[in-house]
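Structure, as structure tokens:
Below, all heavy atoms of this structure are taken into account, side chains as well, without hydrogens, waters or symmetry copies.
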Amino acid sequence: MSPARKQDVTIDGRTMELTNLDRVLWPKDGYSKGDLIAYYASVARWLVPYLKDRPLTLQRYPDGINGPSFFEKNVPRGVPGWVKTLAVRSPGSDRGTVRYILCNDAATLAYVANLASITLHAWISHRGSLDSPDFMLFDLDPWTGCRLATLARVALAVRDLLEEYGLRCAVKTSGGSGLHVMLRLATGHTYAQARDFGELVARRVESAHPDMVTLQRMTAKRKRGRVYIDYLQVGKGKTIVPPFVARARPGAPVSFPLSWSDVQRMTRKRDPNAEKEFRRFTIATVPRLLARSGDPWSVPMRSGQRLKAVRG
């Protein structure tokens, strides 16, 4: 897609005008809004299934990643009638409800990208069962002095413990320096059940690997070289950055699914810098990777799993 200033396009029978396509969003790298829209168009077949029927919060950067940004939950003015939306009760909002976009097709993905929505945040539950999470996230954040090999070993420790419970999990880059270990859950769990389970897993991993793991939320008290496991991103309205979503960082990185063999290889890497390792997944490289190998998550995230048999 040529980054002209304006362009009329038809996607899946939906016609829209794309605007300001030459506006640079990543100044250091030269990537424009047209490049962002082209990227999302190229990965729509893989990304949309992770967004479908999930209330979506847009993180918009109208003046690029170095300018002011804002989160947008309510549908913007002038949204086309063909864009699906969902009203969710929200006592804290002015109107008592928030009407979210549901990004259920490639046309809607192009529309939100045209709003300079670099990063998309999707609920961990979906329409019809908003009170029951069907995704769970362990956010592994390398603290100061943490080496890539340590981050990889902690991810493998989380995986191994989940497998002891008979649960499949998958791993992806965060789009920065961290890793996300994720579970697909069957509908029917409460947020409290998922949150309690996440805490159980995190505390067991910390107990087994105190030299590598911290659960200390106060950053000033964290020890160097540890991986902070954030297991608290579970609750109604909590969101995840799905696979293949771009991030507003230099280099235009993308949150990208990995295989566990990829993570195993990282334990042998001498380079301490995780962000440098993950920098190879960008809006320029990911379309080719997907076209060649497909989605590494297609099997482990295919069906939901139950936590009912899990105990401490």
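A salt bridge links Glu199 with Arg203: the distance from a Lys NZ or Arg NE/NH1/NH2 to an Asp or Glu carboxylate oxygen falls below 4.0 Å.
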Output side-chain donor-acceptor pairs under 3.5 Å for residues 206-215, partner residues at least two apart or in another chain, one line each.
unit_1: Thr214; atom_1: OG1; unit_2: Gln216; atom_2: N; d: 3.0

Side-chain donor-acceptor distances from residues 39-47 under 3.5 Å, at least two apart:
unit_1: Tyr39; atom_1: OH; unit_2: Phe244; atom_2: O; d: 2.7
unit_1: Tyr40; atom_1: OH; unit_2: Ile118; atom_2: O; d: 2.7
unit_1: Tyr40; atom_1: OH; unit_2: Ala246; atom_2: N; d: 3.0
unit_1: Ser42; atom_1: OG; unit_2: Tyr39; atom_2: O; d: 2.6

Run the side chain to side chain donor-acceptor pair (under 3.5 Å) check on Tyr50 and Asp295 step by step: do they pass? CA-CA 12 Å; Tyr50 293 106; Asp295 180 2; 2.6 Å; yes
Decide yes or no on side-chain contact (heavy atoms from CB on, under 4.5 Å) for Glu164 and Arg204, but give the supporting numbers first. CA-CA 12 Å; Glu164 284 185 28; Arg204 281 199 60 186; 3.8 Å; yes
Test Leu25 against Tyr31 for side-chain contact (heavy atoms from CB on, under 4.5 Å), laying out the working first. CA-CA 6 Å; Leu25 299 184; Tyr31 295 128; 6.0 Å; no
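For the residue pair Gln59/Tyr61, the side-chain donor-acceptor check at 3.5 Å is satisfied. Using modelled atom types and a 3.5 Å distance limit, the side chains of Tyr228 and Thr219 yield no donor-acceptor pair. For Arg60 and Ser117, the side-chain atoms include no donor-acceptor pair closer than 3.5 Å. Side chain to side chain, Lys172 and Ser255 meet the donor-acceptor criterion of an N or O pair below 3.5 Å.
Among Gln305, Arg54, His189, the single residue meeting the side-chain hydrogen bond (donor to acceptor under 3.5 Å, both in side chains) criterion with Asp134 is Arg54. Of the options Thr85, Leu56, Thr57, Val75, a side-chain contact (heavy atoms from CB on, under 4.5 Å) to Tyr100 is made by Thr57 and by none of the others.
The backbone N or O of Arg23 sits nowhere less than 3.5 Å from a side-chain atom of Asn20 that would complete a donor-acceptor pair. Side chain of Lys33 to backbone of Asn114: a donor-acceptor contact under 3.5 angstrom is found. A donor-acceptor contact shorter than 3.5 Å is absent between the side chain of Asp141 and the backbone of Gly178.
Not counting sequence neighbours, the partners of Arg265 by the side-chain hydrogen bond (donor to acceptor under 3.5 Å, both in side chains) test are Asp262.
A cation-pi arrangement is present between Arg184 and Phe135 under the rule of less than 6.0 angstrom and at most 45 degrees off the ring axis. In this structure, Arg159 is positioned above the aromatic face of Trp260, its NZ or CZ under 6.0 Å from the six-membered ring centre and within 45° of the axis.
Surrounding NZ of Lys236 are more than 12 heavy atoms belonging to other residues, nucleotides or ligands, all under 6.0 Å away.
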